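Throughout, numbering of the chain's residues begins at 1 and tracks the sequence. Indexing begins at 1, ligand by ligand and atom by atom, following the structure's order. Computed from a prediction, not measured in an experiment: that's the story for all the values here.
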Amino acid sequence: MIAFSNVYKYFGRSEVLTNISLSVQEGTMCVICGPSGAGKSTLLGTVNGLEPIDRGEIWVAGRRVGDPSVKMRDLRTQIGVVYQSFNLFPHLTVERNIRLGLEKGLGLDRAESIRRAHCELERLGLLAWRDALPAHLSGGQQQRVAIARCLAMKPKILLLDEPTSALDVDNAMEVVGAIRSLASHGITILLSTHQISLFCDIADYLVCLEAGQIVEQGCREQVLAEGCPSKLNAWIGRLQAMNGRAHAPAANDPSPVAQVG
Ligand SMILES: Nc1ncnc2c1ncn2[C@@H]1O[C@H](COP(=O)(O)OP(=O)(O)OP(=O)(O)O)[C@@H](O)[C@H]1O
Ligand SMILES: [Mg+2]
């Protein structure tokens, strides 16, 4: 569904992505872990063309990003993006936040936009909150509204950039649970995080990015296999030793979420 081939990206003279080659299969979840400044957000931004690349190729759903014959607007309708900061409109109710893009962006009529909004809110367990303003919701609920808003547009791909970084552990776990259920519904997910402990149990594929380079990548079973000398395994082992607990914290675990970097 997404394929990077020898991708390079510069900001001025600074090389922020170096020789990135990566494939994300349809209906799988790929998690990119790395410290601050590693290039995670930049990498995600290249998928919908918001961050143009300087060398290499990126293919999305069989079309090359940046190809003059590919209409970026069409491509972007297939790609939903969720950021750390939710970006909900504070003066609109939950339902109106979701309907806005459906009516103004996709041109759906009121009845259809309400139907879709309710369907996604129900899927994310938020239907009872449809008439509430974002400020009256917890951070985890707001992030789930942001995800519902994205899903209502029926994208093939979801880009999640640090979706839990602004949340405490309980809210973060709530959002991880919502993302886990999406992954089992056939949507292709590319997610960036430095909270590796939250996602290593639900990722299909893990990528370790450092200073713009992929230093490790592989299926979860492969890179996290017991005794595998992978960097990710070493990180997780270190974090477990620090926290004295398993990979993902229990929902009621108040200890801080382990982070990379
Ligand atoms: N618009 C920009 N202009 C110049 N440099 C930039 C720009 N955006 C990002 N960078 C630089 O590119 C590098 C990668 O940044 P990026 O935001 O992709 O990292 P990140 O892994 O997402 O970090 P974080 O975990 O803090 O979000 C950093 O060195 C950053 O300073
Ligand atoms: Mg970032």
I'd like to know: is the Mg ion (ligand 2) within the 2.8 Å range of an N/O/S atom from S36, strictly under that distance? no

With no hydrogens and no angle check, just 3.5 Å: does a side-chain donor-acceptor pair link T28 and Q25? no

Quick check against the 3.5 Å criterion: does K9 have a side-chain atom that pairs as donor or acceptor with the backbone of P52? yes

Interatomic distance, T188 atom OG1 to E26 atom CD [nearest 0.5 angstrom]: 5.5 Å

Around Q222, counting heavy atoms of other residues, nucleotides and ligands shown, do more than 12 lie under 6.0 Å from its CD? yes

Near ligand 1, which protein residues have a heavy atom under 4.0 Å away? F11, V16, P35, S36, G37, A38, G39, K40, S41, T42, E162

So, applying side-chain hydrogen bond (donor to acceptor under 3.5 Å, both in side chains) with S113, which one of K104, E95, E103 is it? E103

Identify whether the distance between the nearest side-chain nitrogen and carboxylate oxygen of K40 and E162 falls below 4.0 Å. yes

